[in-house]
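Chain letters run A, B, ... following the sequence lines, proteins first, then strands; residues in each count from 1.
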2 protein chains.
Amino acid sequence: MDLQQIKYFLALAHELHFWKTAAKISITQSALSRQIQSLEAELGVQLFERNKRNVKLSPAGQFLREKWEVKLNELEFFHQHARQIQLGESGTIIIAHPDSISASIMPDMLSRISAALPKLKIELVQVKYEDQQEFLRNYKVDLLITRDINTSDDFRSEKIHTDHLAIVVPENHPFRDAKNITSEALNEQKFILPVKDEGSSYSDIIHQFFRSFNVVPDAYLHSEFGSAIIALVRKGLGIAVLPDSYRFHESTGIRFITMPFKTELFLNWRVDDQHPVLANVLKLILP
Amino acid sequence: MDLQQIKYFLALAHELHFWKTAAKISITQSALSRQIQSLEAELGVQLFERNKRNVKLSPAGQFLREKWEVKLNELEFFHQHARQIQLGESGTIIIAHPDSISASIMPDMLSRISAALPKLKIELVQVKYEDQQEFLRNYKVDLLITRDINTSDDFRSEKIHTDHLAIVVPENHPFRDAKNITSEALNEQKFILPVKDEGSSYSDIIHQFFRSFNVVPDAYLHSEFGSAIIALVRKGLGIAVLPDSYRFHESTGIRFITMPFKTELFLNWRVDDQHPVLANVLKLILP
DNA sequence: ATCCATTAATGCAATATCGGAATTAGTTTA
DNA sequence: TAAACTAATTCCGATATTGCATTAATGGAT
């Protein structure tokens, strides 16, 4: 059973049309037809119900389409990681990080890495909260920086930084410093908050912030991205609570008021990772 | 990339010897050598470090060996399940159940299923507590009977039975009925307990049992298998707390004293399972 | 040092497989 | 009934794979 056949199957399962699929994957309809037949024969499973006119997935085909799609994807990343292992110091390392620290600790961290390992390519990505574990587990990223402590046994986790929370207000806002921040004052503000990820300690700490003031925030806007939130604050759509790190983005038209609430940053990686430079990179990053 | 090539690779990774491996998989050494070469070329990864004398896995090969082994295994079960979907009512359904109920609710359940679906083959297996979720998730079993409520979103779970706990003692033991069971009496007994699975509600309930008597059990023996525990009780090595269902195993030389503590049985299956008879089977089993 | 046994790679010829072009055979539409 | 589609099939040349025999490198024994 050739992986190529499975890819042909997935393409056909998507198009449900031999000619169009054949064109799209650059083989002839005849070849495609026989590849599918041979796949069906080897599996002992009819994948498509087809007559001379129409093609549709059989129930078993439907099942395998779903499963094969994710497994092939996983295999792809394994192969990529194997190539990285082979490449050694001249490979690529993929780091997922929250937007908030793009301008604070990331630049310093990256320059330290690239100074010590000049041949290493670094790829930066941002990963949605709910996908983070899966991405690290399946080798889609090699290092994961989170604001949440990790729960899985497959990962190691170390605290690398502690941020403060800050109130972010437009430049012309009456709030000047921490003295202005009282329950009464907060109660009259409109807030732009991050979407609340269930179980994320980051949104926890923001709730804790409000609870400590005994305030239920009036929030009509939620956004996943800090930079978007900042843009909205600048436009006067409300004020926000964000990690102090955003201060280093040096946006104009807004003011940060640091509060005594802390939020921590964790570096996560796979235990027993085989990436040849990871150990070196960790040595550079960890305190 | 052919799955066959990957199987060849795994065989060679196991033997680390071209000739022996070739013989074992019934091809010639020449063919094997070139299959491995073509696999390496397609991946762009050297899998083995070899000279004219020795073969050993490269670091990347080591990594892929590990990953491929589990993924190929997963694929195998997917293909098997696809065949089951195709077979319809004449397929096989795989049920994992705890040993304790082999003689109580299983016989009745199975005869009901096979009466209604005479063509269906049923396979019974027992799965270690820590593997249960993985087996159900990856289609190694279709139905899973547990004493713990399920936590994953991918599964559905229904309570099918409630057992009582029973004290199991040898025939000649002074304990006769529940009236004998007091804190003082329990404190003088030696216990044979199940291995404690962290997070298993079944071991929880046994702890709860002891706590309600304010007894810390003197247990020098732990065993995973109820039938083993019963054998040990019969030999006078101690007494045990087990689900009342074991009573139906009709072992001689022991006595069950039913206690008012309850332990529940849950039936678990995959949400959105495609197995063609599963819905029918569920209808037969669920209350 | 030299010879021999071992073992992975390679050259070659036979065979099997694959892919493309054209054809065939059902099905739907006008 | 004809025309337009569309998946399967046939035929044939190109390509890949296999087994056999040979080669080249290595390690151990004498």
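For the pair A:Q4 and C:dC18, the criterion of a side-chain N or O lying under 4.0 Å from OP1 or OP2 is not met. Put simply, B:R50 has a side-chain N or O that comes within less than 4.0 Å of OP1 or OP2 on C:dA9. For B:S33 and C:dA9, the shortest distance from a side-chain N or O to OP1 or OP2 is below 4.0 Å.
Under the 30°/60° scheme for interplanar angles, the aromatic rings of B:F63 and A:F78 are found to stand perpendicular.
Side-chain proximity of B:T28 to C:dA8, D:dG19, C:dG20: nearest is D:dG19. The side chain of A:Q35 approaches C:dG19 more closely than any other nucleotide in the set D:dT9, D:dT17, C:dG19. Candidate nucleotides C:dA8, D:dT9, D:dT18 were compared by shortest atom distance to the side chain of B:R34, and D:dT18 ranks first. Distance from the side chain of A:F18 is smallest for D:dA8 among the nucleotides C:dA9, D:dA8, D:dT10. Of the candidate nucleotides C:dA8, C:dG19, D:dA21, D:dA21 has the atom lying nearest to any side-chain atom of B:S30.
Mapping A:H17 and B:S38 onto DNA chain D by nearest heavy atom places A:H17 at the nucleotide closer to the 5' end.
Checked for salt-bridge contact, A:D154 and A:R270 miss the test: no charged N lies under 4.0 Å from a carboxylate O. Ionic pairing of B:K121 and B:E123 is not present here: no N-O contact between side-chain nitrogen and carboxylate oxygen is shorter than 4.0 angstrom.
Contact check for B:V127 versus B:L136: no side-chain heavy atoms found under the 4.5 Å cut-off.
Counting non-hydrogen atoms under 4.0 angstrom, A:N51 reaches the backbone sugars and phosphates but no base. Among the heavy atoms of the strands lying under 4.0 Å from A:Q29 is at least one base atom, whether or not backbone atoms are also near.
Residue B:Y8 contributes atom OH, which lies 10 Å from atom C1' of D:dT18 at whole-angstrom precision. Rounded to an integer number of Å, the gap from CZ of A:F48 to C1' of D:dA8 is 15 Å. Rounding to whole angstrom units, CD1 of residue A:I36 and C1' of D:dT6 are separated by 16 Å.
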